[in-house]
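Structure first, commentary second.
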Amino acid sequence: MLKVVLPDGSVKEFEKSVTPMDVAAGIGAGLAKATVAAVVSSDGCNSCNNEGQTVGVDFPLPENGTVTLRLLTKKDAESLDILRHSTAHLMARAVMRLFENVQLAFGPTVDNGFYYDLWMEHRLTEEDFPKIEAEMQNLIKLDEAFERLEIFQNEAVEILDNMGQSLKVEHVKEGLAAEEKVSFYRQGEFLDLCRGPHIPSPKFIGAFKLTSVAGAYWKGDSSKQQLQRLYGTAFFDKKELDEYLNRIEEAKKRDHRALGKKHELFAIDPRVGQGLVLWLPKGAIIRRQLELFIMEELTKRGYTSVNTPVIGSIELYKTSGHYPYYADSQFPPIKMQDGDEFLLRPMNCPHHVMVYSQKPHSYRDLPIRIAEFGCVHRFEQSGELNGMTRVRGFTQDDAHIFCTPEQVEEEFRSCIDMTLTVLKTMGFDDFEVRLSFRDWVSDKYVGKPENWKIAQASLEKVCREMNLPSLEIVEGEAAFYGPKADFVVKDCLGRRWQLGTVQLDYNLPSPERFNLEYVGPDNKPHTPVMIHRAPLGSFERFCGILIEHFAAAFPLWLAPEQVRILTVSEKFDDYAKQVEAKILERGIRVSCDLRGEKIGAKIREGRLDLVPYLAVVGAKESENGSVALRGRKEGELGEVPLDSFIAKLTEEIATRTL
RNA sequence: GCUGUCGUAGCUCAGUCGGUAGAGCACGUCCUUGGUAAGGACGAGGUCGUGAGUUCGAUUCUCACCGACAGCUCCA
């Protein structure tokens with residue numbers, strides 16, 4: 001009796017020997033059609049006793065025991081991953097056939113494809129791709145099975161050594177004891193250390209393409225040697241590959257760097273400096289609207305605003321403990337003739353701590369929430385700069401909350417709530433929340449372990465209670481002073497960026513640092529807890545992501561130009577100006593297109609400029625006191641009385657309609 | 001910072017196998033006064049990223065620097 005655990009978790013029993021295909025046929029038409037192979041794990045049946053072994057469609061399953069079947073189907077992501085990883089093996093094999101002395105590192109799958117890290121003397125360029133792809137096609141034709149081998153560590157070291165794979169030798173020696181087993185996969189002459197699983201035969205690879213080559217460090221350590229990372233992608237069929245490539249092309253059109261230039265939102269000019277953003281008039285309007293929105297929330301939520309300088313005495317950062325941590329990424333200190341040193345601030349926290357310490361505080365005053373749109377500078381490495389999303393000077397919508405330990409959870413919850421409100425208002429629903437905790441081995445963190453434990457526990461508790469989407473805990477990502485909850489969104493190319501952040505801090509206020517105090521009900525001094533938070537993160541990065549999110553078609557409340565009045569001919573210039581003046585009275589951003597162009601041309605330009613509302617005026621409208629309205633989303637809306645148009649605008653702006 | 005690719009008009013790009021460059025859009029002037037995605041004519045615009053080298057001659061070849069892009073490393 002063979003028990004087969006199916007991909008959906010259900011169990012079927014078979015009396016006699018079956019193949020994965022038989023099983024698939026029994027599950028249902030949908031799966032059976034798409035099934036191309038099955039990946040099996042088992043509890044020790046003799047013919048397939050390896051976890052993750054790949055079994056071809058005709059491979060007989062054992063008669064006894066339990067087998068877990070994973071069917072490879074076109075639709076599920078896991079199957080695609082297996083397909084891609086096998087394609088990566090094929091790619092590495094092709095490279096080894098074409099070039100001398102190739103050392104294999106690792107070749108995992110990534111979001112939309114796979115890569116293989118290789119070390120070799122020849123510098124790969126895109127010119128090599130056709131050659132490698134052709135060789136891969138040849139290998140597919142050979143149709144050699146992927147075969148799994150399990151080998152003891154010492155034997156594995158020997159095999160790898162004989163193959164001259166010294167990177168892998170080092171890896172196996174470091175990672176495993178002599179009596180432990182590792183798995184290899186063989187395909188023809190190609191043999192590599194690999195966890196698997198793989199597709200049974202390369203014939204399942206319907207379409208693949210090498211996409212790029214880049215540098216990457218051995219084991220992600222920039223002090224170690226640099227390898228060549230060859231990227232590619234693969235699909236079950238050509239159509240899917242073409243669709244994917246099309247999607248990438250479309251996505252590139254949303255790139256905030258291209259749209260920022262096209263719509264004159266921002267500029268970065270090397271004559272000013274790398275990574276230093278010039279907000280152009282239209283971009284500055286968007287930023288101003290974001291500021292007003294945040295300020296509104298701050299008022300509602302009991303914050304007070306301050307203004308503090310962008311530089312400070314270096315002693316301030318030494319006391320805070322930031323100085324050594326930011327040594328590599330800050331602009332060098334400014335040394336004065338009398339020996340004083342100042343730092344262009346990389347963060348606002350120490351200034352806000354100083355604001356708190358200007359007078360004694362009672363527990364009755366807490367929490368104190370100090371907010372500032374604080375401009376900070378960090379000297380990021382040139383290769384890390386990226387449009388508006390990674391810059392060297394930026395403004396955080398920052399605030400620091402000083403509260404009692406008892407108030408931490410409520411304050412933290414309120415910060416998360418504000419961040420959610422902000423994201424929701426912008427229509428971001430595809431974001432992840434990352435809880436960044438400390439790594440208990442590392443010594444880069446400050447503060448007492450018990451405080452860390454309390455902080456991390458309360459942080460997680462609140463996040464669980466609030467049911468945040470895609471909550472993920474990442475150890476080793478915490479700030480040096482405390483754990484944090486980060487809100488992460490993807491850009492048009494699928495890269496993840498941290499926007500909002502809420503961070504718990506038991507350390508800066510501590511006696512070892514700034515020794516902040518409040519007087520408790522017991523009339524004794526106590527140390528407050530500090531929360532750092534920024535719902536947007538920074539205006540620069542947020543705006544960059546926002547441009548891509550809306551593809552520069554901003555909702556009315558954010559749009560740099562909200563209404564454009566288009567005249568049918570010069571005869572209606574006076575009426576157009578009257579309309580403009582009336583709309584302007586309400587503080588709405590309106591302009592007139594009085595050029596001697598035909599109305600068709602004006603409409604076209606208004607559409608291309610993504611103006612939310614175009615108001616056409618001619619004989620009829622000037623007579624009736626109306627406009628012929630055209631919405632960016634809705635198209636023609638017909639003739640609307642001016643008053644009701646203005647009411648509509650006012651309402652839509654006030655509610656920040658998306 | 002590292003590896004690779006790239007840099008021609010305001011923008012998007014073509015081109016020159018070494019003999020100082022062209023298109024479309026945008027811009028300017030004039031004609032056209034037109035009702036929902038491009039009316040027409042003429043014109044102005046470039047030290048071909050910067051600096052050296054090779055050459056009779058370099059935008060083109062070589063090197064260095066600057067900057068951008070992709071990835072790595074690092075971060076809001």
Side-chain angles (χ1 to χ4, degrees), chain A residues 110 115 117 123-128 211-231 252 255 257-258 261-262 264 268-271 273-275 325-326 328-329 346-348 374 376 378-398 436 477 479 484 486-488 493 495 497-501 503 532-542 544-545 566-573 595-608 614-621 628-630 635-639:
Chain A
V110 288
Y115 66 78
D117 281 349
R123 293 276 172 214
L124 288 169
T125 68
E126 291 193 13
E127 285 172 21
D128 296 316
T211 48
S212 64
V213 60
Y217 300 102
W218 172 239
K219 301 211 166 176
D221 184 342
S222 60
S223 68
K224 294 195 168 150
Q225 70 254 57
Q226 192 156 26
L227 310 168
Q228 301 191 64
R229 178 168 292 183
L230 194 49
Y231 283 88
K252 280 185 187 162
D255 192 314
R257 291 163 299 195
K261 186 170 241 180
K262 185 174 171 192
E264 299 175 3
I268 294 169
D269 191 318
R271 290 170 295 184
Q274 286 181 284
Y325 289 90
Y326 279 82
D328 293 338
S329 64
M347 72 290 301
N348 307 306
V376 298
R378 298 180 190 174
F379 196 79
E380 308 292 1
Q381 298 187 73
S382 62
E384 287 158 356
L385 301 174
N386 187 293
M388 295 251 265
T389 52
R390 193 75 187 272
V391 295
R392 284 182 173 162
F394 55 99
T395 302
Q396 299 173 309
D397 57 330
D398 211 357
S436 297
E477 289 291 307
K484 49 182 187 158
D486 295 327
F487 290 75
V488 179
L493 294 176
R495 294 176 293 207
W497 296 98
Q498 176 189 323
L499 297 180
T501 183
Q503 318 182 347
H532 310 238
R533 45 97 288 174
L536 300 179
S538 75
F539 286 99
E540 284 75 7
R541 180 176 289 180
F542 194 87
I545 295 293
L566 314 178
T567 49
V568 167
S569 90
E570 264 173 29
K571 289 177 215 146
F572 311 106
D573 283 6
R595 294 172 309 154
E597 294 291 338
K598 294 220 268 189
I599 193 66
K602 294 185 184 183
I603 298 270
R604 179 183 142 82
E605 283 179 37
R607 299 276 295 151
L608 292 175
L614 299 177
V616 177
V617 294
K620 198 166 61 165
E621 291 77 19
L629 197 56
R630 200 183 220 282
E636 284 189 60
L637 292 166
E639 195 182 348

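Chain letters run A, B, ... following the sequence lines, proteins first, then strands; residues in each count from 1.
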Output yes when at least one side-chain N/O atom of [X] is less than 4.0 Å from OP1 or OP2 of [N], else no.
| X | N | answer |
| --- | --- | --- |
| A:Asn386 | B:A70 | yes |
| A:Lys219 | B:C72 | no |
| A:Ser382 | B:G1 | yes |
| A:Arg495 | B:A70 | yes |
| A:Gln498 | B:C75 | no |
| A:Arg378 | B:C74 | no |
| A:Gln381 | B:C74 | no |
| A:Arg257 | B:C69 | yes |

Any sub-3.5 Å donor-acceptor pair from [X]'s side-chain atoms to [Y]'s backbone N or O?
| X | Y | result |
| --- | --- | --- |
| A:Asp255 | A:Lys252 | no |
| A:Ser212 | A:Tyr231 | no |
| A:Arg378 | A:Pro346 | yes |

Look at the side chain of [X] and decide which nucleotide, out of [options], has an atom nearest to it.
| X | options | result |
| --- | --- | --- |
| A:Ala628 | B:U36, B:G39, B:C75 | B:U36 |
| A:Gln274 | B:G34, B:C72, B:A68 | B:A68 |
| A:Thr125 | B:A76, B:U33, B:U5 | B:U5 |
| A:Arg390 | B:U36, B:G71, B:A76 | B:A76 |
| A:Glu570 | B:G71, B:G67, B:U33 | B:U33 |
| A:Lys571 | B:G34, B:G4, B:A37 | B:G34 |
| A:Arg123 | B:C11, B:G4, B:U33 | B:G4 |
| A:Arg607 | B:U5, B:A70, B:A37 | B:A37 |
| A:Gln396 | B:G35, B:U33, B:A76 | B:A76 |
| A:Val616 | B:A38, B:A76, B:G35 | B:G35 |

Original post:
With the threshold set at 4.0 Å, does a side-chain nitrogen-carboxylate oxygen contact exist between A:Arg271 and A:Asp269?
Top reply: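 The answer is yes: the pair qualifies as a salt bridge.
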
Original post:
Is A:Glu605 salt-bridged to A:Arg595, cutoff N-O under 4.0 Å?
Top reply: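 Result for this pair is yes, salt bridge flagged.
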
Using the [atom1] atom on both, measure [N] against [M] and round to a whole Å.
| N | M | atom1 | answer |
| --- | --- | --- | --- |
| B:A58 | B:C74 | P | 47 Å |
| B:C61 | B:G45 | C1' | 29 Å |
| B:U5 | B:C65 | P | 15 Å |
| B:C6 | B:U62 | P | 11 Å |
| B:C27 | B:A21 | P | 27 Å |
| B:C42 | B:U59 | C1' | 30 Å |
| B:C48 | B:G18 | C1' | 14 Å |
| B:U16 | B:C11 | C1' | 23 Å |

Which whole-number value in Å describes the distance from [X] [atom1] to [N] [atom2]?
| X | N | atom1 | atom2 | result |
| --- | --- | --- | --- | --- |
| A:Glu639 | B:G35 | CD | C1' | 12 Å |
| A:Lys262 | B:U12 | NZ | C1' | 11 Å |
| A:Tyr326 | B:C75 | OH | P | 8 Å |
| A:Glu384 | B:U73 | CD | P | 10 Å |
| A:Asp269 | B:G49 | CG | C1' | 12 Å |
| A:Arg595 | B:U29 | CZ | C1' | 16 Å |
| A:Glu605 | B:C11 | CD | P | 19 Å |
| A:Phe379 | B:A76 | CZ | P | 18 Å |

Subject >> Atom pair CG/CZ of A:Leu499 and A:Arg541 - distance to nearest 0.5 Å >> reply: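 With rounding to 0.5 Å, CG (A:Leu499) is 7.0 Å from CZ (A:Arg541).
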
Original post:
Does the side-chain ring of A:Phe394 sit on the six-membered ring of the B:A76 base, less than 5.5 Å centre to centre and under 30° in tilt?
Top reply: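 It does: the ring sits over the base of B:A76.
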
At under 4.0 Å between heavy atoms, what does [X] touch on the DNA or RNA strands: base, sugar-phosphate, or nothing?
| X | answer |
| --- | --- |
| A:Ala601 | sugar-phosphate |
| A:Ser538 | base |
| A:Lys224 | nothing |
| A:Val391 | base |

**OP:** Heavy atoms only: give me the nearest A:Leu227-A:Tyr217 pair and the separation to one decimal.
**Re:**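 So the two residues come closest at CD1-C, 4.4 Å.
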
Subject >> Smallest separation among heavy atoms of A:Ile268 and A:Gly387, with atom names >> reply: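 Closest approach of A:Ile268 to A:Gly387: CD1-O, 3.3 Å.
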
Original post:
If each of A:Leu608 and A:Gly596 is mapped to the nucleotide of RNA chain B with the nearest heavy atom, which maps nearer the 5' terminus, i.e. the 5' end?
Top reply: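 Looking at the nearest nucleotide for each, A:Gly596 comes out on the 5' side.
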
Subject >> First encountered from the 5' end of RNA chain B, between A:Gly387 and A:Gly220 >> reply: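 The residue mapped nearer the 5' terminus is A:Gly387.
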
Does [N] have a Watson-Crick or wobble mate here (both distances under 3.5 Å), and if so which one?
| N | value |
| --- | --- |
| B:A21 | none |
| B:A26 | none |
| B:U62 | B:A52 |

Does any N or O donor sit under 3.5 Å from an N or O acceptor when you compare the side chain of [X] with the base of [N]?
| X | N | answer |
| --- | --- | --- |
| A:Arg541 | B:C75 | yes |
| A:Tyr217 | B:G1 | yes |
| A:Glu621 | B:G35 | yes |

Subject >> Check: A:Thr389 and A:Arg495 side chains under 4.5 Å, non-hydrogen atoms >> reply: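 In short, these two side chains do not touch, never coming nearer than 4.5 Å.
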
Subject >> In B:G45, glycosidic geometry as syn within 90° of 0 or anti otherwise >> reply: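 Syn, angle within 90° of zero.
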
